[in-house]
Each structure stands twice: as C-alpha cells, then as structure tokens.
Amino acid sequence: MREIFAGLPWWVKWVAVPVIALVVFGSLIATVVGFVIGLLFKALVFVALVGGLIYIVRKFMSSSSRSDW
C-alpha cells in the first residue's frame, strides 16, 4: 500500500482520497452521527423527566406529611 501512495502527488493523498471516502461513506457517517446525537438527546430528555418526577414526588410527600394528624 505504501508503494502505491509513494508515487502519487500530495494532493491525491491528502485531498482526493479523503473526498472519495466522504462521498462513499458519507451517508454512513451521517447516519451514525445522527443516531448518536439522537440517543444523547433522548437520554437528556429522560434524565430531565425523571428529575422532574422526583422533584414533584418529594415536594408532594413533604407537603402531605406536614398536614397529617
């Protein structure tokens, strides 16, 4: 592989090959990045909802325990 790239100009190694790789694998890369970002967003929403639920339950429990006989 090194012998193949050794005879090529610098722009083929550093410009053309990465561009071809992005064209070929671009949709795969975009799908993976989109999936990871979506997963992180869903995890953030989950944490926020669970935190809100815990806050509401604790607030309700503390206010109801004070009004008990």
Side-chain angles (χ1 to χ4, degrees):
M1 190 61 124
R2 287 187 181 182
E3 296 86 23
I4 295 172
F5 280 111
L8 296 175
W10 67 269
W11 61 270
V12 172
K13 292 186 250 185
W14 299 106
V15 177
V17 173
V19 167
I20 292 171
L22 281 175
V23 168
V24 172
F25 298 109
S27 62
L28 176 66
I29 294 169
T31 302
V32 170
V33 169
F35 175 75
V36 169
I37 290 174
L39 193 63
L40 288 174
F41 178 74
K42 288 178 184 179
L44 183 65
V45 168
F46 175 75
V47 168
L49 289 174
V50 170
L53 179 66
I54 291 171
Y55 174 77
I56 290 171
V57 168
R58 284 188 178 175
K59 188 164 182 129
F60 177 75
M61 295 297 282
S62 67
S63 65
S64 66
S65 66
R66 277 187 258 150
S67 64
D68 283 346
W69 296 82

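This structure is a prediction, so every number in the text was calculated from the model and none was measured.
Linking ILVMFWY side-chain heavy atoms closer than 4.5 Å, directly or via other members, places Val33 and Leu28 in a single hydrophobic cluster. A continuous path of ILVMFWY side-chain contacts below 4.5 Å connects Leu53 to Phe60, so both sit in one hydrophobic cluster. Cluster annotation: Val45 and Ile37 are assigned to distinct hydrophobic clusters (Ile/Leu/Val/Met/Phe/Trp/Tyr, side-chain heavy-atom contacts under 4.5 Å, transitive). Hydrophobic clustering keeps Leu49 apart from Val57 (ILVMFWY residues linked when any side-chain heavy atoms are closer than 4.5 Å, directly or through intermediates). Trp11 is connected to Trp14 through a chain of hydrophobic side-chain contacts under 4.5 Å among Ile, Leu, Val, Met, Phe, Trp and Tyr, so both are in one cluster.
Minimum heavy-atom separation, Leu8 to Val12: CD1-CG1, 3.8 Å.
With sequence neighbours excluded, the residues that form a side chain to side chain contact (heavy atoms under 4.5 Å, CB included) with Val24 are Ile20.
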